[in-house]
Amino acid sequence: MLGDDLLEENKPLAPLTTLGVGGPARWFLEATTEEQIAEAAAWTREKGVRLFVLGGGSNLVVSDAGFDGLVLHVALHGVLSQEAGGESGHRIYRVAAGEDWDRLVQTCVDENCAGIECLAGIPGSVGGTPVQNVGAYGQEVSSTIERVRAFDLATHEWVELGAWECRFAYRRSRFNTAHRGRFVVTRVDYRLTPGGAPTLTYADLQREFEADAPPSLAEVAATVRRIRQAKGMLLLDGDPDCRSAGSFFKNPMVSEEQAARLAEISAKQPPRYPTQAAGKVKVPAAWLIEQAGFTKGSALGNAGISTRHTLALINRGGATAGEILALAERIRTAVEERFGIVLEMEPVLLGF
């Protein structure tokens, strides 16, 4: 049974998020074992209170009123790697959900295992990667995830889900759509390729290496971090552009007809990103925001747009969650009125 000595009351949540806004959690538990997670689930069920799972806090906006429930911070640690069975030549990394994501990327790069090198510099913990199907610069974790271990809050049983059972799509999985809030991820298994070539499908990376010999995994990861830093998307102490929740809006996927309409309205050809969806193209949300009249550095009270990337909404110092969402809504409205496209917010909203 969960001991009261493990629970904290009225725990401030803003310091546990990269955006740094929001009120406290009524109850808070930092779980370092799977047993504590199961006990926390039983406790919330018995008490009739809501449960929210907190990872690295990098993709989260907490309400100014906080959260009137139990926030469960998953702090499980450990990385185990082993050769995959058969003749595939792959290597399996079994990683606890509380491990720092960027540290894992660097470990795999140092061990010359390809598959997640383009995801360097992304803040947060391993447990959040299958939930959002984290992706950037031509890679998504869904292409490497083999299995997810989780506690099912509906059945109160431990489950291990294969990649196909996770129902991955662009920035989506069953964990943040049909079964949002049902599972507590405790471990993710990744299948990587020792000695594999880096992924260079993204235009930014192709430009960096077009005149050079094929780059190493380490060179690609370092370049991705440098690009992210230039866009204010790399967490650095003392950098005000880092007080954000990362990309605040998802890049919309539109039809060819819609893309042509965007070019007609703006008198400019919109950039396009690769996508596997038939008949669809991915258009940068940042481009739509800029074409709707917003510029880097724009502000609304203590909330603002990063001076380096239009897609990042930042806490300029002392911002409230209300100010952040007011700015987000102003942007969404302007983009919809000009282009007829509704931008979808990427961060999780807690306590609203």
Side-chain angles (χ1 to χ4, degrees), residues 1-77 96-98 100 123-128 131-132 150-158 175-186 243-246 248 301-303 313 315 317-326 328-329 345-352:
M1 191 66 181
L2 186 65
D4 289 342
D5 58 318
L6 295 176
L7 290 175
E8 297 181 60
E9 295 192 46
N10 301 313
K11 173 81 169 181
L13 293 177
L16 302 178
T17 72
T18 56
L19 184 57
V21 303
R26 178 65 182 85
W27 295 280
F28 180 88
L29 170 67
E30 182 165 301
T32 56
T33 67
E34 287 192 341
E35 290 74 18
Q36 289 176 348
I37 290 172
E39 289 170 358
W43 186 88
T44 56
R45 193 175 196 178
E46 177 187 343
K47 302 291 185 181
V49 301
R50 292 180 295 165
L51 173 68
F52 177 78
V53 179
L54 175 67
S58 60
N59 193 49
L60 179 65
V61 181
V62 179
S63 162
D64 294 317
F67 179 65
D68 189 23
L70 172 65
V71 170
L72 176 65
H73 183 212
V74 178
L76 279 64
H77 293 284
D100 180 78
S125 58
V126 163
V131 177
Q132 296 292 123
F151 186 75
D152 188 337
L153 296 171
T155 64
H156 281 245
E157 295 177 344
W158 291 99
F175 308 116
N176 66 359
T177 53
H179 294 143
R180 179 188 293 271
R182 175 173 168 175
F183 296 97
V184 182
V185 175
T186 61
R243 289 196 296 264
S244 79
F248 209 87
N302 290 321
L313 303 192
N315 176 358
T320 64
E323 287 178 307
I324 297 291
L325 292 189
E329 190 55 36
M345 288 192 292
E346 191 160 331
V348 173
L349 303 182
L350 177 64
F352 291 93

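Positions are given from 1 along the sequence.
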message = Just so I know, are the side chains of V49 and W43 near enough to count as touching, which here means a heavy-atom distance under 4.5 Å?
response = yes

inquiry  = Taking the side chain as everything from C-beta on, heavy atoms only, tell me whether P347 gets closer than 4.5 Å to L60.
reply    = no

About how many Å separate [atom2] of [Y] and [atom1] of [X], when rounded to the nearest 0.5 Å?
{"X": "W158", "Y": "I37", "atom1": "CH2", "atom2": "CD1", "value": "5.0 Å"}
{"X": "S63", "Y": "L350", "atom1": "OG", "atom2": "CG", "value": "8.0 Å"}
{"X": "L54", "Y": "L72", "atom1": "CG", "atom2": "CG", "value": "8.5 Å"}
{"X": "E329", "Y": "M345", "atom1": "CD", "atom2": "CE", "value": "7.0 Å"}
{"X": "S58", "Y": "L16", "atom1": "OG", "atom2": "CG", "value": "12.5 Å"}
{"X": "L13", "Y": "F52", "atom1": "CG", "atom2": "CZ", "value": "9.0 Å"}

Taking all non-hydrogen atoms of both residues, which atom of [X] and which atom of [Y] are closest, and how far apart?
{"X": "G318", "Y": "N302", "answer": "O-ND2, 3.5 Å"}
{"X": "S125", "Y": "G56", "answer": "OG-N, 3.3 Å"}
{"X": "R243", "Y": "G317", "answer": "NH2-N, 3.6 Å"}
{"X": "A40", "Y": "L70", "answer": "CB-CD2, 4.0 Å"}
{"X": "G246", "Y": "S244", "answer": "N-OG, 3.1 Å"}

side-chain hydrogen bond (donor to acceptor under 3.5 Å, both in side chains) involving [X] - partner list, sequence neighbours excluded:
{"X": "D64", "answer": "none"}
{"X": "R180", "answer": "none"}
{"X": "R50", "answer": "none"}

ask   = Considering residues at least two apart in sequence or located in another chain, which fulfil the side-chain contact (heavy atoms from CB on, under 4.5 Å) criterion with A41?
value = F151, L153, H156

Which residues share a side-chain contact (heavy atoms from CB on, under 4.5 Å) with T32, sequence neighbours left out = Q36, A75

task = Would you confirm whether H73, through its side chain, and G55, through its main-chain N or O, come within 3.5 Å as a donor-acceptor pair?
result = yes

message = Going by the rule ring pair (Phe, Tyr, Trp, His ring centres under 6.0 Å), which residues pair with H77 if we only count those two or more places apart in sequence or in a different chain?
response = none

task = Identify, with sequence neighbours excluded, every residue that meets ring pair (Phe, Tyr, Trp, His ring centres under 6.0 Å) alongside F175.
result = F183

inquiry  = Going by the rule salt bridge (charged side-chain N to carboxylate O under 4.0 Å, His left out), which residues pair with E323 if we only count those two or more places apart in sequence or in a different chain?
reply    = none

message = Restricting to salt bridge (charged side-chain N to carboxylate O under 4.0 Å, His left out), what partner residues turn up for R182, sequence neighbours left out?
response = D152

Below 3.5 Å, can you tabulate the donor-acceptor pairs from side chains in residues 20-29 to any protein atom, sequence neighbours excluded?
| unit_1 | atom_1 | unit_2 | atom_2 | d |
| --- | --- | --- | --- | --- |
| R26 | NH1 | E9 | OE1 | 2.6 |
| R26 | NH2 | E9 | OE1 | 3.4 |

task = May I have all residue pairs that pass salt bridge (Lys or Arg N to Asp or Glu O under 4.0 Å) and include part of residues 29-38, sequence neighbours excluded?
result = E34-R149

task = Keeping to residues at least two apart or across chains, list the salt bridge (Lys or Arg N to Asp or Glu O under 4.0 Å) pairs with something in residues 10-23.
result = E8-K11

